[in-house]
Amino acid sequence: RIPMTEAEYQDFNPDDGFQYEYNEGFAEQTDYMETNQLYIVSNILEKFASTQAAQQNAKFLQEVKFRTAPQRIRIADMA
């Protein structure tokens, strides 16, 4: 856990190979999707491709950083 303000987190670009989420005044190292879990993404995309929405050129987009609570910012699982 690394103490910092939310403003500092917004400019935080660690070069240690890890990803961090912001939680109540701390940047916390988080788990991310492992290579052996990519079948999940593949299955979701394959299913989406067969939907009417996909046939109408809808897009399935990766999530980005977003706020889940007043003091918590979540990062994408597939980053």
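Bear in mind the structure is a predicted one, so any value in this text is a computation, not a measurement. Side chains included, hydrogens not; waters and symmetry mates left out as well; all remaining heavy atoms used.
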### Query
Between E6 and R67, is there a salt bridge with N-O shorter than 4.0 Å?
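A salt bridge is present here (some side-chain N lies under 4.0 Å from a carboxylate O).
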
### Query
Any Lys/Arg nitrogen of R72 or E24 sitting under 4.0 Å from an Asp/Glu carboxylate oxygen of the other?
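Salt bridge absent between R72 and E24.
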
### Task
Decide if atom CD of Q55 counts as having more than 12 heavy atoms of other residues, nucleotides or ligands within a radius under 6.0 Å.
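Enclosed.
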
Once you round to the nearest 0.5 Å, how far does [atom1] of [X] lie from [atom2] of [Y]?
| X | Y | atom1 | atom2 | answer |
| --- | --- | --- | --- | --- |
| Q29 | I2 | CD | CD1 | 8.5 Å |
| T51 | Q56 | OG1 | CD | 8.5 Å |
| T30 | Q19 | OG1 | CD | 7.5 Å |
| T5 | Y22 | OG1 | OH | 6.0 Å |

### Task
Kindly give the heavy-atom pair with the smallest separation between N36 and Y39, and that separation in Å.
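Nearest heavy atoms, N36 then Y39: O-CD2, 3.4 Å.
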
### Task
Can you see which heavy atom on Y9 is nearest to which on A27, and at what distance?
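Nearest pair, atom of Y9 first, then A27: CD1-CB, 4.2 Å.
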
### Message
Taking F48 as the starting point, is it possible to reach V41 by hopping between hydrophobic residues whose side chains are less than 4.5 Å apart?
### Response
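Cluster IDs for V41 and F48 match.
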
### Message
Starting from F26, can I reach F18 by hopping between I/L/V/M/F/W/Y residues whose side chains sit under 4.5 Å apart?
### Response
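No, because F18 and F26 fall into different hydrophobic clusters, even though each may have its own neighbours under 4.5 Å.
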
### E28 vs Y20 side-chain heavy atoms within contact, under 4.5 Å
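Sidechains of Y20 and E28: no contact.
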
### Query
Can R1 and N23 be said to form a side-chain contact (heavy atoms from CB on, under 4.5 Å), step by step?
CA-CA 9 Å; R1 291 177 60 156; N23 188 17; over 6 Å; no

